[in-house]
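Just so you know, these numbers come straight off a predicted model, no measurement behind them.
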Amino acid sequence: MVSTISKNPPQLTLVGAGPGDAELITLKGMKALQQASVVLYDDLANAELLSFSPAQAIRQYVGKRAGQPSWTQDDINQLCVDMARQYGHVVRLKGGDPFVFGRGYEEIAYARQHGIPTQVVPGISSCIAVPAMQGIPVTSRGVSQSFWVITGTTRHHELADDLKLAAQSNATVVLLMGLGKLDQICALYDSLGRGDLPMAVIQNGSRPNERCVVGQVWEMPGLIEQAQIGAPAVLIIGEVVRLHPTYLMNYARAISVADSL
């Protein structure tokens, strides 16, 4: 345990870095970085954002991507406290919004339990921003009245029970961290007779290397394999995907071919 007391009072600020594009961080988040003594950042937080922190600030990478080397959550919790006590203002920089499947609350709660003042700066979540930047609204008048945001994999490495309910609704379904369960997700929709619903898979949303595949649920595993799409990816299922320009074009082409037969 670090016992050195900083000249600056200890503080933890949890900052949402947005979906990937560095320009999508909030002004409040940028100001927090400018005042940081320490920045603890995740893999999905754009490293360009570190340039907003002071030159003398400590910048520590902690990982947090599935399948990649990473600090454990318990270690990160303790690191936040130790760094705050030793250096002062710790900015915990997390991709998207830290309270949307980011385990941000656990870090804030742990710091509070150890007497560290905390603040939360929300971020733009990939669940709405990534579809939007591809021209897919998660809700649209006359198309979708609501949307679900669901984790693709629970802590027990299983599909979330809520997906079974969401798949039966007319709502847009957005899955984060779900690419590894794509076959099971599509099989679930097929079993409910909904395999013909439009679906989009967007890799590296909002970044220069963003890629998007659109089609129908039943064919998506094959399309993803053919396109070699990998994580991180956002999955969107529902009628709103028909509004994507590529889907509209492909659908119009399919109608034209059918009419000519």
Side-chain angles (χ1 to χ4, degrees), residues 14 16-17 19-20 40-45 61-81 92-113 120 122-123 125-131 138 146-169 171-195 197 199-205 213 217-218 220-222 224-225 229-238:
L14 193 63
L40 305 178
Y41 65 100
D42 283 356
D43 187 84
L44 293 178
Y61 171 79
V62 295
K64 298 294 288 180
R65 180 186 290 197
Q68 301 295 328
S70 175
W71 290 57
T72 68
Q73 188 62 54
D74 287 344
D75 287 342
I76 292 172
N77 294 347
Q78 189 62 55
L79 186 64
C80 290
V81 170
R92 179 71 176 94
L93 190 63
K94 301 174 73 70
D97 181 277
F99 278 11
V100 181
F101 305 127
R103 302 186 72 172
Y105 180 76
E106 296 176 40
E107 296 172 18
I108 286 290
Y110 188 87
R112 289 173 179 166
Q113 290 169 7
V120 179
S125 176
S126 61
C127 69
I128 54 174
V130 168
V138 291
S146 61
F147 66 100
W148 294 60
V149 182
I150 303 174
T151 178
T153 306
T154 68
R155 62 179 177 174
H156 301 299
H157 308 291
E158 300 172 348
L159 286 182
D161 289 337
D162 283 347
L163 181 59
K164 299 171 186 176
L165 297 174
Q168 300 176 61
S169 75
T172 304
V173 176
V174 181
L175 291 119
L176 306 183
M177 303 172 290
L179 193 62
K181 297 285 187 182
L182 180 65
D183 288 351
Q184 291 177 245
I185 292 166
C186 294
L188 172 62
Y189 274 81
D190 282 336
S191 70
L192 296 169
R194 312 201 75 196
L197 276 175
M199 182 174 185
V201 176
I202 307 169
Q203 178 187 14
N204 295 320
V213 173
V217 169
W218 67 268
M220 192 55 68
I224 292 304
E225 182 178 3
I229 296 293
V234 175
L235 285 56
I236 308 102
I237 303 173

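- Rounding to the nearest 0.5 Å gives a distance of 10.0 Å between OG of Ser191 and NZ of Lys164.
- Arg92 is listed as a side-chain neighbour of Val62, based on a closest heavy-atom distance under 4.5 Å.
- Looking at heavy atoms from C-beta onward, Leu163 lies in side-chain contact with Ile185 at the 4.5 angstrom threshold.
- Residues Ala160 and Ile150 share a closest heavy-atom pair of CB-CG2, 3.7 Å.
- Taking SG from Cys127 and CG from Leu176, the interatomic distance works out to 6.0 Å, rounded to the nearest 0.5 Å.
- With hydrogens and angles disregarded, no donor-acceptor distance shorter than 3.5 Å links the side chain of Gln78 to the backbone of Asp74.
- Looking at Arg194, its side chain does come within 3.5 Å of a backbone N or O of Ser169 through a donor-acceptor pair.
- Evaluation of the side chain to side chain contact (heavy atoms under 4.5 Å, CB included) rule for Glu106 yields Gln73, Arg103 as partners, not counting sequence neighbours.
- Between Gln203 and Gly230, the closest heavy-atom pair is CG-O, 3.0 Å.
- For the pair Val120 and Ile108, the minimum side-chain heavy-atom distance is below 4.5 Å.
- Side-chain contact check for Thr153 versus Met177: every heavy-atom pair is 4.5 Å or farther apart.
- The two residues Gly95 and Ala17 come nearest to each other via the heavy atoms CA-CB, 4.3 Å.
- Between the side chain of Asp97 and the main chain of Ser125, no donor-acceptor pair closer than 3.5 Å is present.
- Between the side chain of Thr151 and the backbone N or O of Thr154 there is no donor-acceptor pair closer than 3.5 Å.
- Here the side chain of Asp42 pairs no donor or acceptor atom with the backbone of Leu44 at under 3.5 angstrom.
- Within the 4.5 Å cutoff, side-chain heavy atoms of Trp71 are placed close to those of Leu79.
- When all heavy atoms of Ala111 and Val81 are compared, the pair lying nearest together is CA-CG2, 4.0 Å.
- Inter-residue side-chain proximity for Leu175 and Ile237 is flagged as met; some heavy-atom pair is nearer than 4.5 Å.
- From Asp190, atom CG reaches atom CG of Asp183 across 10.5 Å, with rounding to the nearest 0.5 Å.
- Met220 places a side-chain heavy atom less than 4.5 Å from the side chain of Leu182.
- Side-chain contact between Ile76 and Glu107: present, with at least one pair of heavy atoms (C-beta onward) separated by less than 4.5 Å.
- The heavy-atom pair separating Cys80 from Leu40 by the smallest distance is SG-CD1, 3.9 Å.
- Between Val234 and the options Val201, Asn204, Val174, a side chain to side chain contact (heavy atoms under 4.5 Å, CB included) holds for only Val174.
- A donor-acceptor pair under 3.5 Å is absent between the side-chain atoms of Lys94 and the main chain of Phe99, judged by distance alone.
- Summarising the geometry of Leu188 relative to Ala167, their closest heavy-atom pair is CD2-CB, 4.4 Å, with the distance given to 0.1 Å.
- Around OH of Tyr189, the count of heavy atoms belonging to other residues, nucleotides or ligands within 6.0 Å exceeds 12.
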Next on the checklist: Let's go through Phe147 and Ile236 carefully: what are the C-alpha distance in whole Å and the side-chain angles of both, what is the deciding distance for side chain to side chain contact (heavy atoms under 4.5 Å, CB included) to 0.1 Å, and is it a yes or a no?
Outcome noted: CA-CA 10 Å; Phe147 66 100; Ile236 308 102; over 6 Å; no
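- Side-chain atoms of Ser146 never come within 3.5 Å of backbone atoms of Ala171 as a donor-acceptor pair (strictly under, hydrogens ignored).
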